[in-house]
Amino acid sequence: MKHTAFIGVPADFSFRSTVYSHGWCELAPFELDVEDWRLSCVFRDDDNNAVSAVIFEENDRIRIDLANSKVDLTSIIRDTRHLLRLDDDLNEFYRSIEGHDRLRWVRERRAGRLLRSANVWEDLVKTICTTNCSWGLTKSMVSNLVEKLGAPADNGKKAFPTAEAMASVSEKFYRDEIRAGYRSPYFVELAENVASGKLDPQKWLTSDLPTPELKKEMKRVKGVGDYAAENLLKLVGRYDGLALDSWLRSQFYKNHNKDKVCPDKKIERHYKDFGKCRGLVIWCDMTEKWIN
DNA sequence: GCGTCCAGGTCTACC
DNA sequence: GGTAGACCTGGACGC
């Protein structure tokens with residue numbers, strides 16, 4: 001028997017623009033049905049049970065269908081608000097791009113909310129999986145993590161593994177089963193630190209630290225360098241880093257530098273005037289064609 | 001079929 | 001603080 005919940009959305013919210021804001025919708029346990037624009041995912045409720053859900057837009061509201069009718073909706077609604085960023089205030093960002101014709105589409109399409117996972121732990125592991133490899137390999141590593149270490153929901157779909165589950169396997173498991181290569185010892189160390197309570201990535205969401213300090217804290221995690229930390233900062237709502245990776249650089253070269261390679265400092269100068277919003281501005285500037 | 005390059009980079013050693 | 005070299009994987013490409 002299905003269980004259904006509805007959530008109201010802000011006036012400047014777009015389900016499509018948010019879900020398709022970056023590659024996260026392609027990473028397990030997310031599954032995106034682009035025909036019907038339905039996002040499947042697997043949450044964990046407050047009792048740590050895996051809960052499979054389908055999220056979609058219906059009559060200007062977000063509808064969540066759960067396969068299990070016994071689930072307490074409170075945590076599922078909270079996590080859905082988090083991953084769709086329903087409580088983010090985009091006014092400062094929209095003000096920062098006013099007068100820039102090239103970016104007019106952003107407000108028109110109500111873009112600017114970057115999809116995230118249900119918690120920061122999951123975003124942290126996934127971000128490490130994006131480093132120094134093709135997008136195909138990222139998807140493969142994340143899919144392996146979910147399939148081999150995730151807990152199943154009632155319908156058999158699996159949740160992203162907990163830190164405890166990831167701490168329970170060896171470096172060899174990450175190399176042989178997850179195909180994580182040199183990242184394997186990083187995952188072991190990270191999972192042990194989070195499972196033991198030594199590190200709590202969720203606190204980054206509400207940290208009072210200035211962004212440079214928070215970035216330093218993130219970079220203490222092995223496998224997290226400048227790009228990964230700045231990507232994570234975007235996912236906790238801080239956009240003063242550009243999170244330059246090879247894809248973003250190549251798009252900048254195409255769009256603003258006649259397809260010629262240039263130093264990162266030139267890219268930084270280009271977005272300098274957007275201040276604290278520059279990380280979100282460059283991302284939107286490079287992804288206009290993604291969203292229609 | 002084989003070798004090389006390179007992806008949504010980072011770490012360590014060294015200067 | 002800046003830089004060189006090493007690092008897993010797997011697909012694309014040239015030969």
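Per chain, numbering begins at 1; letters A, B, ... match sequence-line order.
Residue contacts shown for A:Ala228 are limited to sugar-phosphate atoms, with no base heavy atom under 4.0 Å away. Backbone-only contact: A:Gly223 has heavy atoms under 4.0 Å from sugar-phosphate atoms and none from a base. Among the heavy atoms of the strands lying under 4.0 Å from A:Leu137 is at least one base atom, whether or not backbone atoms are also near. Using a 4.0 Å heavy-atom criterion, one finds that A:Arg249 contacts no nucleic acid atom at all. In this structure, A:Thr131 reaches the sugar-phosphate backbone alone: every heavy-atom distance under 4.0 Å involves primed, P, OP1 or OP2 atoms, never a base.
Of all nucleotides listed (B:dG8, B:dT10, B:dA7), B:dA7 comes nearest to the side chain of A:Cys133. Side-chain proximity of A:Thr130 to the nucleotides B:dT10, B:dG8, B:dA7 is greatest for B:dG8. Nearest nucleotide to the A:Asn132 side chain, out of B:dG9, C:dT9, B:dG8: B:dG9.
If you check the side chains of A:Trp37 and A:Glu57, you find no donor sitting under 3.5 Å from an acceptor.
Dashed line: the shortest gap from a side-chain N or O of A:Thr138 to OP1 or OP2 of B:dA7 is not under 4.0 Å. At the phosphate of C:dC7, neither OP1 nor OP2 sits under 4.0 Å from any side-chain N or O atom of A:Arg183.
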Check: Could you walk me through whether A:Asp123 and A:Arg116 pass the salt bridge (charged side-chain N to carboxylate O under 4.0 Å, His left out) check?
Finding: CA-CA 7 Å; A:Asp123 279 336; A:Arg116 54 190 175 189; 5.8 Å; no
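Nearer the 5' end of DNA chain B, as judged by each residue's closest nucleotide, is the contact made by A:Asn231, out of A:Tyr186 and A:Asn231.
The partner of B:dG8, taking Watson-Crick or G-U wobble pairs whose two distances both stay under 3.5 Å, does not exist in any strand shown. Pair check for C:dG2 finds B:dC14; Watson-Crick or G-U wobble, both atom distances under 3.5 Å.
For the C1' atoms, the distance from C:dT3 to B:dG8 is 23 Å, rounded to whole Å.
The pair A:Asp226-A:Lys215 counts as a salt bridge, with a side-chain nitrogen and a carboxylate oxygen less than 4.0 angstrom apart.
In this structure, A:Met218 places its CE atom 17 Å from C1' of B:dG9, rounding to the nearest Å.
Note: A:Trp247 and A:Trp283 have tilted aromatic rings, judged against thresholds of 30 and 60 degrees for the angle between ring planes.
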